[in-house]
Participant: 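Right, I'll just put the structure down here and ask away after.
Proteins get letters first, then strands, A, B, ... in listed order; numbering begins at 1 in each.
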Number of protein chains: 2
Amino acid sequence: MSEHEHPESENTSRPVRNITDLARLAGVSPGTVSRALAGKSLVNAKTREKIEALARQHGFRPNQMASKLRRQKTGVIGVAIPLGHDVHQQISDTFFMTLLGHLADELTDKGYDLMLRRVIPAQDEDWLDRFIGSGIVDGVIVIGQSDQFDRIEEIADGYLPMVVWGNHQEGQRHCVVGSDNRLGGKLAAERLIAAGARSLAFLGDTEPIEFAARFAGAKEIADRMSIPIRALPTHLSADRMNGEIAEHLSEIEGKVDGIFAATDAVAVACLRELRERGVSVPNSVKVIGFDDLPIASQTVPPLTTVRQDIAAGAKGLVDLLLRRLAGVDTESLVLPPHLIARETA
Amino acid sequence: MSEHEHPESENTSRPVRNITDLARLAGVSPGTVSRALAGKSLVNAKTREKIEALARQHGFRPNQMASKLRRQKTGVIGVAIPLGHDVHQQISDTFFMTLLGHLADELTDKGYDLMLRRVIPAQDEDWLDRFIGSGIVDGVIVIGQSDQFDRIEEIADGYLPMVVWGNHQEGQRHCVVGSDNRLGGKLAAERLIAAGARSLAFLGDTEPIEFAARFAGAKEIADRMSIPIRALPTHLSADRMNGEIAEHLSEIEGKVDGIFAATDAVAVACLRELRERGVSVPNSVKVIGFDDLPIASQTVPPLTTVRQDIAAGAKGLVDLLLRRLAGVDTESLVLPPHLIARETA
DNA sequence: TTTGTTATTGCAATCGTTTGCATTGGAATT
DNA sequence: AATTCCAATGCAAACGATTGCAATAACAAA
């Protein structure tokens, strides 16, 4: 009935809703249309062109849901950010967000889509099972172990295509990509001591294992050199952090001359507070950060810090995940951090 | 074969792959299982409990792909970040990433998932059609118009559930949420002038319309007060920006005493460069930023800036989108920016 | 003319849920 | 005892693309 289509213009009598409609227009079977649009080689060149032209003309695109159901794969990688310790941390956490940006690039490159989910484990017991078990994603990248190490371990036993950004523990079962935080902590402490510090402090939350490892690394060096080191716990959300830092600084005034901040963000806040108190950096107190975010080079004085290579991390996460999707049980990947010497230590 | 998995609990002879398997175990029909698991009220309480228990026991979750296909909705909102002007801008753009974080929160609250796609329009003509037309998302949020204003306009004519973060143009057809950039520009210029500046400069890329509007607003005020203002174009990627800022500052030395930076990130770099040159802020030169990112309060001296309420923006985007999903053709939402007076102007 | 070969295409089952409609059984009503 | 009525469930047709296998046509070889 729909005999006289308008050859030039977009709209015709009835819209083309699915592959079958298009098949009718093209005078072929749905199967052929499917093959043509999928770019398979089993279609005659002319038929293909005709079908493609028709599809373009009607702005038709095969329904992905149907395709995914039938093929039993989604082409989507889930990215989960568990917000365990500090719900508002990651909202503004430049590091995680930058990692996310790079992940998006890498995944796009490989033809995958990215589904982002921020989860609050405390409110949602089986966030990970839900994400995995519903057939909505082909694989999962978890950004940050938060306080969910054990849960992740459990899942890892029965689910291959998962890679986690975070800290590597001896003998753990899930595949992780991350910096060697302990080494980073060592580098930081060594630098502070080499710069003349004789009493150290670690400033920041020590709960998350990444940070705990940074502290442990620093402590190892400090202990070896018989130099005291203390932990000054703070929250990581911007609003609470500033006050806590101020308190700590009051408390340690004159007693500490080398501060290792858990994060560049913490270091920046610390620098500001020190300046406000008239404490000279690096003369009276040396400061070192972690991450090497863009701000690090913009502080006054420019921040000495331990760099994590975010782009390499993202690439590692994606590469390992793809290998796991192919069935390989990959090893973890630990990236070496580097000391970036600027002027605060 | 897989007989002895976990002896006490989880597994039995054959795995439960779908609703039909579960129905068989429960001694009911697939339809009933579907209704029970969906929480519909048409199921006897006892039957439901039994089914839920069974599902829990076998770790079964209904396949989302099938569900989405059948129900013709995905529960997924697409978030597209077009990278037009400067491919590497947004990777590190804290503002966009923070907005994304808030979007994720809002969408999660409303029960939607978030699919992130970073697109390079230059390499991918119909990025927007592809995203929309494949039935993969129920609606789309575009973060930043970039240089894609016209394409977005085209799409908006035939596709309701789309909301865009960006600048509002007189008479535009697509629904946009964003700050009143022109007003923000005015606030900035007024402040600089009130602080004593007599020759202004706008520092940053003026190509993207958001920034162009900021400049235009500032220019309007400057013109009205008969104060000169010039544009100093820079790229927004960190690596190129610094050098360009340095050049500009050399060029305008002594000729400009009020700098309006397109972005806090630009302002921070500018402050650092000024300090390096021994130019006193705000005495010799006044500086004002835009966004009020967390860093703004951490600079030395603390940065006076124009604040955009990111959380409100995210909420607006999601609210409008949901209304559009319900079929309402909503108006745009323009949020008023606020001057945050600190010490650089 | 017959047979073999190859390149295209059609056929129909399948992926796993959802949902309108029909059916059942039991309780309530007359 | 007969009739209504309702809650609970079963039945089977969608949703729209993919793909193994069979069928066809076209052409070459014998």
Participant: When we call it a touch if two heavy atoms are under 4.0 Å apart, what does A/V43 touch: a base, just sugar-phosphate, or nothing?
Facilitator: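 The residue A/V43 makes sugar-phosphate contact but no base contact.
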
Participant: Using heavy atoms to find the nearest nucleotide of DNA chain C for B/R35 and B/M65 separately, return the residue whose nucleotide is more 5′.
Facilitator: B/M65

Participant: Output the rounded distance in Å from CD1 (A/I19) to P (C/dA12).
Facilitator: 17 Å

Participant: Could you check how far NZ of A/K73 sits from C1' of C/dT14, rounded to whole Å?
Facilitator: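 Going from NZ in A/K73 over to C1' in C/dT14 covers 18 Å.
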
Participant: State whether B/T32 places a side-chain N or O below 4.0 Å from either non-bridging phosphate oxygen (OP1 or OP2) of D/dG10.
Facilitator: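 It does, given that an N or O in the side chain of B/T32 lies less than 4.0 Å from OP1 or OP2 of D/dG10.
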
Participant: What integer distance in Å separates A/N63:CG from C/dG16:C1'?
Facilitator: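 Roughly 15 Å, once rounded to whole Å.
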
Participant: Starting at CG of B/L37 and ending at P of D/dT9, how long is that distance when rounded to a whole Å?
Facilitator: 14 Å

Participant: Applying a 4.0 Å non-hydrogen cut-off, can you work out what B/V28 is touching in the nucleic acid: base, sugar-phosphate, or nothing?
Facilitator: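 Result for B/V28 = sugar-phosphate.
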
Participant: D/dT18 base to A/R70 side chain: any donor-acceptor pair below 3.5 Å?
Facilitator: yes

Participant: Looking at the side chain of A/P62, which of D/dA17, C/dT17, C/dT9 is the nearest nucleotide?
Facilitator: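 Nearest to the side chain of A/P62 among the choices is D/dA17.
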
Participant: Is there a donor-acceptor pair under 3.5 Å between the side chain of A/Q123 and the backbone N or O of A/I120?
Facilitator: no

Participant: Does B/S34 reach a base, just sugar-phosphate, or nothing at all? Heavy atoms under 4.0 Å.
Facilitator: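 Touches a base.
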
Participant: Indicate yes or no: does A/D124 engage A/R130 in a salt bridge with an N to O separation below 4.0 Å.
Facilitator: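 A salt bridge is present here (some side-chain N lies under 4.0 Å from a carboxylate O).
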
Participant: On the nucleotide C/dG16, are OP1 or OP2 found under 4.0 Å from the side-chain N or O atoms that B/Q64 carries?
Facilitator: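 B/Q64 to C/dG16 OP1/OP2: no side-chain N or O under 4.0 Å.
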
Participant: OP1, OP2 of D/dC11 versus side-chain N and O of B/S29: anything below 4.0 Å?
Facilitator: no

Participant: Would you say the side-chain atoms of A/R323 and A/T330 include a donor-acceptor pair closer than 3.5 Å?
Facilitator: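 Per modelled atom types, A/R323 and A/T330 side chains form no pair under 3.5 Å.
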
Participant: Atom CG of B/L69 to atom C1' of C/dT18: distance rounded to whole Å?
Facilitator: 10 Å

Participant: Answer yes or no: is there an ion pair linking A/E154 with A/R173, defined by an N-O contact shorter than 4.0 Å?
Facilitator: no

Participant: When the nearest nucleotide of DNA chain D is assigned to B/R71 and to B/P30 on a heavy-atom basis, which residue is associated with the more 5' position?
Facilitator: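 Mapping each residue to its closest nucleotide by heavy atoms, the 5'-most match is B/P30.
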
Participant: Please check the phosphate of D/dG16 (OP1 and OP2 only) for any side-chain N or O of B/Q72 closer than 4.0 Å.
Facilitator: yes

Participant: In whole Å, I'd like the distance from the CZ atom of B/R24 to the C1' atom of D/dC11.
Facilitator: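 Distance check: B/R24 CZ to D/dC11 C1' gives 16 Å.
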
Participant: Starting at atom NZ of A/K68, determine the distance to atom C1' of D/dG16, rounded to an integer number of angstrom.
Facilitator: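 The distance from NZ of A/K68 to C1' of D/dG16 comes to 14 Å, rounded to the nearest Å.
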
Participant: Any idea which of D/dA8, D/dG16, C/dT9 is nearest the A/N44 side chain?
Facilitator: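 Nearest to the side-chain atoms of A/N44, counting from C-beta on, is C/dT9.
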
Participant: Using whole Å, what does the distance between atom P of nucleotide D/dG10 and atom CG of B/L22 come to?
Facilitator: 13 Å

Participant: If we ignore angles and hydrogens, is there a donor and acceptor under 3.5 Å between the side chains of A/Q148 and A/W127?
Facilitator: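 There is such a pair between these side chains.
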
